[in-house]
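Because the structure is a prediction, the values reported are computed rather than measured. Note that ligands are numbered from 1 as they come in the structure, with each ligand's atoms numbered from 1 the same way. Values below: all heavy atoms of this structure, side chains included; hydrogens, waters and symmetry mates excluded.
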Amino acid sequence: MYDRRHEMAATILIVEDEHAVARGIQYALQQEGYDVTLARSGEEGLEVATRDAPDLVLLDVRLPGIDGFEVLRRIRAAGTKSPVLMLTARDEEVDKVIGLELGADDYLTKPFGLRELMSRIRALLRRAYGDLADAAGGRVIRHGDLVIDLDRRRVQRGQRRISLTPTEFEILRHLASKPGRVYTRSELLDLLRDYDALDQDEKTINVHVSHLRDKLEDDPSHPAFVQTVRGVGYAFAER
Ligand code: CA
């Protein structure tokens, strides 16, 4: 089944042990069109954050087990770059400094209004992903820090714009629209023919994919996004 989450809202992870608070925030965020996951402890938050690379993490400082600071430290140590908004209590002013030093992007003091929370979240998403982050509900595909805006035909990794040829964009669009679905070279060729009367053969698909990887991947020889399925074709990585 095609997972529509890939082309919809930004994903937000809430790490908060107080159930009523967590559910209240979750509900409000879902109303705004965000895709929300809850974690009830630091350990669970850490696991979900490093596994799913959510677009943003709401992280409470006071948690049972490992606290929010330790979660933050380990998230950053694991290389997860998602923006983190820390939630602190009023008497934890000093914590803010520690949080920012550990790599938090912003903090909010409890109790806070939902409107304030929404505006902080929007600002963080915009700062991290540019204009594309506003498109909760828009035709946007996200995978980690890779953002593909289908309507505007724009591709970004984090803040960095990636310039693709029309053919490269079309290949990426088809693959990324159905993560895990394997496309043969001849299928891709057919899809490109629909898009443009291209005089190409299956071997040119390899060349386009190679160029696409050079632009998109940190290490094109070990692609994180566009993967080769040996003897069959290509597939976009699943989350
Ligand atoms: Ca708490």
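- Salt-bridge annotation for Glu217 and Arg157: absent, with no side-chain N of the basic residue lying under 4.0 Å from a carboxylate O of the acidic one.
- Using a cutoff of 4.0 Å between basic side-chain nitrogens and carboxylate oxygens, Lys178 and Glu238 are not scored as salt-bridged.
- Between the Ca ion (ligand 1) and the N, O or S atoms of Glu18, the shortest distance is to OE2.
- A search for side chain to side chain donor-acceptor pair (under 3.5 Å) contacts involving Ser41 returns nothing, not counting sequence neighbours.
- Under the side chain to side chain donor-acceptor pair (under 3.5 Å) criterion, Ser119 pairs with no residue, sequence neighbours left out.
- Taking the N/O/S atoms of Asp17 in turn, the shortest distance to the Ca ion (ligand 1) belongs to OD1.
- At a threshold of 3.0 Å, the Ca ion (ligand 1) has no backbone or side-chain N, O or S atom of Leu63 nearer than that distance.
- Note on Asp60: its N/O/S atom closest to the Ca ion (ligand 1) is OD2.
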